[in-house]
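Beneath this line is the structure, given in structure tokens, with notes to follow.
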Amino acid sequence: MAQYMHLGVPVTKPQPGEVYSPEMKLFLTDPKDHPYQYECLRFEPDSQMPEDLKKYPHVAYKVEDLAAELKGCDRIVMQPAQVSPTTKIAFAWRDGVLFELMECSE
């Protein structure tokens, strides 16, 4: 069963508490710091992240089997990537919504 994690929204102005990810050329906030689990993403102009992530909000869910979940999606925007020793993520469109799917081993 999928578990809601956060709503991610691209922004253009600096946000309180944002941190920088040099690998993604992206500033982001921690959704745990917002009462509605809201994440702001501010991309550098030369960020290589997919254009859909730069333009559209996404809804993130923790899933048990990332590969199985991706099979039901309409289009994969970002292939699975290991973002920490315990977390793998992917971004995909399904039913007109951009999702971040997260598989966590903890």
Worksheet, complete the sentence: To the nearest 0.5 Å, atom CD of Q48 lies from atom CG of L26 at 13.0 Å
Worksheet item: Where the side chain of E39 meets the backbone of Q37, is there a donor-acceptor pair that is under 3.5 Å apart?
Response: no
Response to the item:
Nearest heavy-atom contact between Y20 and K25 is OH-CA, 3.5 Å
Worksheet item: Does some side-chain heavy atom of L53 sit less than 4.5 Å from a side-chain heavy atom of F91?
Response: yes
Discussion item. Side chains of H6 and H58, heavy atoms from C-beta outward: is any pair under 4.5 Å?
Written reply: yes
Discussion item. Would you say NZ of K54 has more than 12 non-hydrogen atoms from neighbouring residues, nucleotides or ligands within 6.0 angstrom?
Written reply: yes
Fill in: Gap between atom CG of D65 and atom NZ of K71 - 0.5 Å precision
7.5 Å
Practice prompt. Check whether V59 and L70 end up in the same hydrophobic cluster, where Ile, Leu, Val, Met, Phe, Trp and Tyr are linked by side-chain heavy atoms less than 4.5 Å apart.
Written response: yes
Item to complete: Check whether any side-chain heavy atom of L41 sits under 4.5 Å from a side-chain heavy atom of M49, and report yes or no.
Response: no
Response to the item:
Between C73 and E69 the two heavy atoms that sit nearest each other are SG-O, 3.5 Å
Fill in: D52 CG to M78 CE distance, which is reported to the nearest 0.5 Å
12.5 Å
Fill in: Over 12 non-hydrogen atoms of neighbours within 6.0 angstrom of OH in Y36
no
Item to complete: Report whether Y4 and V9 are members of the same hydrophobic cluster (ILVMFWY, side-chain heavy atoms less than 4.5 Å apart, transitive linking).
Response: yes
Discussion item. If I compare all heavy atoms of Y38 with all of C40, which pair ends up nearest, and what's the gap?
Written reply: CE2-SG, 3.5 Å
Discussion item. Are P10 and K55 packed together at the side-chain level, in the sense that at least one heavy-atom pair is separated by less than 4.5 angstrom?
Written reply: no
Fill in: Where T87 and Q82 come nearest, the two heavy atoms and their spacing
O-NE2, 3.4 Å
Worksheet item: Between I89 and L66, what is the shortest heavy-atom contact and its length?
Response: C-CD2, 4.1 Å
Item to complete: Using the rule that two of Ile, Leu, Val, Met, Phe, Trp, Tyr join whenever any of their side-chain heavy atoms come within less than 4.5 Å, decide whether L28 and L101 are in one cluster.
Response: no
Item to complete: Fit a plane to each ring of W93 and Y56, take the angle between them on a 0 to 90° scale, and name the class: parallel (under 30°), tilted (30 to 60°) or perpendicular (over 60°).
Response: perpendicular
Practice prompt. Answer yes or no: are there more than 12 heavy-atom neighbours, outside E64 itself, under 6.0 Å from its atom CD?
Written response: no
Worksheet, complete the sentence: Between G96 and D74 the two heavy atoms that sit nearest each other are N-OD2, 4.2 Å
Item to complete: Measure up the F99 and Y61 rings against each other and bin them: parallel (under 30°), tilted (30 to 60°), perpendicular (over 60°).
Response: tilted
Worksheet item: Atom NZ in K88, atom CD in E103: separation rounded to 0.5 Å?
Response: 5.0 Å
Worksheet item: Does M24 belong to the same Ile/Leu/Val/Met/Phe/Trp/Tyr cluster as L98, with side-chain heavy atoms less than 4.5 Å apart forming each link?
Response: yes
Practice prompt. Return yes if some donor-acceptor pair links the side-chain N/O of T86 with the main-chain N/O of C104 below 3.5 Å, else return no.
Written response: no
